[in-house]
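Note sheet for the following structure.
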Amino acid sequence: MYQHRYFPHTTDDVEKMLERIGATSVNELFNDIPEHLRLKNGTYNLPEEHSEIEVREYFSRLRANNKPLVCFAGAGFYDHYSPAVVASIASRSELLTAYTPYQPEISQGTLQYIFEYQSMIAELTGLDIANASLYDGATATAEAMLMCVAVARKKNRVLISATVAPNVRNVVETYARYHKIRLDIIHEKDGVTDVNALKSMLESGDVAGVIASSVNFYGILEDFTGWSELIKAQKALFVINTHASALGVVKTPAEWGADIAVGEAQSLGFPLNYGGPGLGYMCVTKALMRKMPGRIVGATTDEKGQRVFVLTLQAREQHIRREKATSNICSNQGIMTLYASIYLALLGAEGLREVNVQSNAAAVYALGQIEQRSSAKLAFPGKPFLNEFVIITPNVDKIIERGAEQGILPGVKIGEDRLMIAFTEMRTKEQIDQLVQLIKSAENE
């Protein structure tokens with residue numbers, strides 16, 4: 001038998017699988033993991049058994065090593081406030097029912113919050129239909145690319161703007177590679193998509209879809225005036241990626257004429273949690289709903305006339321027979337969908353708008369102070385931003401290093417002399433002033 005106790009594969013099974021994929025050993029499958037991070041001796045350094053009290057004390061000591069920083073980092077994930085009642089309601093048993101909602105008789109809680117989530121996300125984007133969510137904003141964008149090609153049928157070329165976040169583009173590129181889709185980058189100019197480059201690339205007539213972002217990676221609100229007409233003239237689909245909170249104040253994808261709206265929903269009050277989890281949303285026009293991956297929940301009435309919720313349009317086989325499915329995505333981020341639903345229901349339209357107004361006000365104040373009190377300059381002057389912007393300064397590394405010493409995460413380094421800084425309603429005037437002083441003092445060292 002193979003070395004893992006609970007794996008049923010024999011040595012012969014493993015050899016046949018390795019031969020099929022062209023690998024010489026199991027270890028070769030992990031070549032992309034740096035050598036120093038791999039387990040060497042085959043055993044884990046686990047302590048002896050402990051009592052519950054000892055286990056709690058052990059992890060408390062580990063947790064004490066974490067040093068929380070005042071967060072000015074963004075790049076798609078933001079430090080928004082989540083009301084305490086969100087976690088409280090999310091823990092209720094009538095909502096945390098069976099994980100998989102195939103059996104509606106015992107999954108009404110799950111089905112209801114998915115339905116409410118879909119309704120609110122559709123309202124935010126202005127489009128007709130939302131699915132039950134995807135793993136994160138990057139995979140949602142990749143799934144949108146697959147939809148474009150599936151709808152076009154005879155076209156397998158998709159364009160993506162260089163101003164879409166690099167981590168998102170990387171995931172989309174991976175999907176494209178293994179689905180044999182030609183993915184081309186639309187160049188950027190002054191922090192936004194080069195429209196002339198887009199027009200030129202569309203002239204070939206072989207484009208199935210175009211993917212762009214607003215708010216884009218640099219925090220800039222892009223102007224998509226006329227894009228929909230250009231893209232539709234080539235019988236292609238228009239995909240807009242936006243982080244979810246921004247949809248409370250920016251022009252909606254529907255208003256821009258988008259066919260598909262996707263993005264990351266972590267900004268709907270999810271704690272950052274040192275990197276996750278996230279939540280991918282996807283909305284489409286009614287014409288595309290049968291091409292959309294994942295689950296869709298609908299409302300109906302039972303034999304007693306009571307309002308009930310069920311999966312609709314797709315049979316269960318849609319998710320377990322990959323050769324028949326629109327996508328092999330078969331799981332929704334259930335707990336995070338619930339979290340987003342409660343957050344949106346609590347805040348409402350006005351509350352979500354206020355979150356963004358405060359975040360924008362903090363960003364505007366900070367930029368004024370940075371330019372007034374230091375030599376740092378806005379990387380893309382004249383371009384509208386929401387709650388995030390890029391500054392040019394030769395002292396990025398010093399700022400980050402000194403910030404850590406002072407309990408501040410001052411932003412994300414995106415170039416040797418470029419620091420991207422994000423602001424939310426969580427940041428106080430005192431914290432912003434401390435950040436500005438940090439940037440100024442780094443110039444004098």
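All residue numbers in this chain count up from 1 along the given sequence.
When every heavy atom of Phe270 is checked against every heavy atom of Pro277, the shortest pair comes out as CD2-O, 4.1 Å. The two residues Thr252 and Glu255 make their nearest non-hydrogen contact at N-OE1, 2.8 Å. Considering every non-hydrogen atom in both Asp190 and Lys383, the closest pair reads O-CE, 3.4 Å. Across Leu438 and Pro410, no two heavy atoms sit closer than the pair CD2-CB, 4.1 Å. Taking all atoms of both residues into account, the shortest heavy-atom contact from Met426 to Tyr81 is SD-CB, 3.4 Å. Counting all heavy atoms, side chain and backbone alike, Ala376 lies closest to Thr393 at CB-CB, 4.2 Å.
Considering Arg157, Lys155, Lys154 as possible partners of Asp206, the one that fulfils the salt bridge (Lys or Arg N to Asp or Glu O under 4.0 Å) test is Arg157. The only member of Leu247, Leu124, Val357, Val249 that meets side-chain contact (heavy atoms from CB on, under 4.5 Å) when paired with Leu352 is Leu124. Under the side-chain contact (heavy atoms from CB on, under 4.5 Å) rule, Ile160 has a single partner from Ile186, Val239, Leu183, which is Leu183.
If you check the side chains of Asp12 and Thr10, you find no donor sitting under 3.5 Å from an acceptor. Judged by distance alone, the side chains of Thr193 and Ser161 do bring a donor and an acceptor atom under 3.5 Å apart. Tyr339 and Ser82 are linked by a side-chain donor-acceptor pair at a separation below 3.5 angstrom, with hydrogens and angles left out of the test. Between Asp136 and Thr139, the side chains place a donor N or O and an acceptor N or O closer than 3.5 Å (distance only, hydrogens not considered). In this model, no donor atom of one side chain and acceptor atom of the other lie less than 3.5 Å apart for Asn387 and Thr424.
Using a 4.5 Å heavy-atom cutoff, the side chains of Phe423 and Val364 are not in contact. By the 4.5 Å heavy-atom criterion applied to side chains, Met282 and Pro293 are counted as neighbours. Between Pro104 and Val308, the closest side-chain pair of non-hydrogen atoms is not below 4.5 Å. In this structure the side chain of Tyr175 never reaches within 4.5 angstrom of the side chain of Val172, judged on heavy atoms. Side chains of Arg427 and Asp79 form a contact here, defined as non-hydrogen atoms less than 4.5 Å apart. Contact check for Ile391 versus Ile439: side-chain heavy atoms found under the 4.5 Å cut-off. At least one side-chain heavy atom of Gln118 sits less than 4.5 Å from a side-chain heavy atom of Ile296. Within the 4.5 Å cutoff, no side-chain heavy atoms of Cys148 are placed close to those of Met145.
With salt bridges taken as basic N to acidic carboxylate O contacts below 4.0 Å, none links Lys16 and Glu19.
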**OP:** Using the side chain to side chain contact (heavy atoms under 4.5 Å, CB included) rule, take Gln234 and Leu202 through it: C-alpha gap first, then chi angles, then the decisive distance, then the call.
**Re:** CA-CA 7 Å; Gln234 299 298 325; Leu202 284 171; 4.1 Å; yes

Original post:
What do the steps show when you test Tyr218 against Phe385 for ring pair (Phe, Tyr, Trp, His ring centres under 6.0 Å), and what is the final call?
Top reply: CA-CA 8 Å; Tyr218 304 116; Phe385 59 83; over 10 Å; no

Original post:
Can you check ring pair (Phe, Tyr, Trp, His ring centres under 6.0 Å) on Phe224 and Phe238, steps first, answer last?
Top reply: CA-CA 10 Å; Phe224 295 136; Phe238 185 19; 5.6 Å; yes

**OP:** Dump the intermediate steps for side chain to side chain contact (heavy atoms under 4.5 Å, CB included) on Glu222 and Ser213, then the final yes or no.
**Re:** CA-CA 7 Å; Glu222 295 213 24; Ser213 285; 5.7 Å; no

**OP:** Show the numbers, then the answer: is there a side chain to side chain contact (heavy atoms under 4.5 Å, CB included) between Ile231 and Leu237?
**Re:** CA-CA 7 Å; Ile231 295 166; Leu237 298 180; 5.8 Å; no

Original post:
Are Ser245 and Val355 close enough, and set up right, to give a side chain to side chain contact (heavy atoms under 4.5 Å, CB included), and what steps lead you there?
Top reply: CA-CA 8 Å; Ser245 180; Val355 165; 4.3 Å; yes

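In this structure, CG in Asn196 is found 6.5 Å from NZ in Lys189, a value given to the nearest 0.5 Å. Atom-to-atom distance recorded for Met292:CE and Leu146:CG is 14.5 Å, nearest 0.5 angstrom. Atoms CD1 and CD, from Ile408 and Gln431 in turn, are 8.0 Å apart once rounded to the nearest 0.5 Å. Taken to the nearest 0.5 Å, the CG atom of Leu435 stands 5.5 Å off from the CD1 atom of Ile370. Interatomic distance, Leu338 CG to Ser133 OG, rounded to the nearest 0.5 Å: 11.0 Å. Between the CG atom of Asn27 and the CG atom of Leu18 there is a distance of 10.0 Å, given to the nearest 0.5 Å.
Remark: the backbone N or O of Ala75 is paired with a side-chain donor or acceptor of Glu388 at under 3.5 angstrom. Between the side chain of Asn360 and the main chain of Leu386, a donor-acceptor pair closer than 3.5 Å is present. Judged purely by atom type and a 3.5 angstrom limit, Tyr281 uses its side chain to pair as donor or acceptor with the backbone of Val262. In terms of modelled atom types and a separation under 3.5 Å, the side chain of Lys67 and the main chain of Ala404 share a donor-acceptor contact. For Ser200 (side chain) and Ala197 (main-chain N/O), no donor-acceptor pair under 3.5 Å exists by modelled atom type. Judged by distance alone, the side chain of Glu264 and the main-chain N or O of Gly137 form a donor-acceptor pair under 3.5 Å. Under a 3.5 Å cut-off, the side chain of Ser341 and the backbone N or O of Tyr113 do form a donor-acceptor pair. Counting only distance, with no hydrogens or angles, the side chain of Thr301 and the backbone of Arg307 share no donor-acceptor pair below 3.5 Å. In this structure a side-chain-to-backbone donor-acceptor pair under 3.5 Å is missing from Asn395 to Ile399. Judged purely by atom type and a 3.5 angstrom limit, Thr242 uses its side chain to pair as donor or acceptor with the backbone of Ser214.
Relative orientation of the Tyr78 and His80 rings is tilted, given thresholds of 30° and 60° on the angle between their planes.
Atom CZ of Arg38 sits in a crowded spot, with more than 12 heavy atoms from other residues, nucleotides or ligands closer than 6.0 Å.
Both tests do not hold together for Arg295 against Phe309: distance to the six-membered ring centre under 6.0 Å, angle to the ring axis within 45°.
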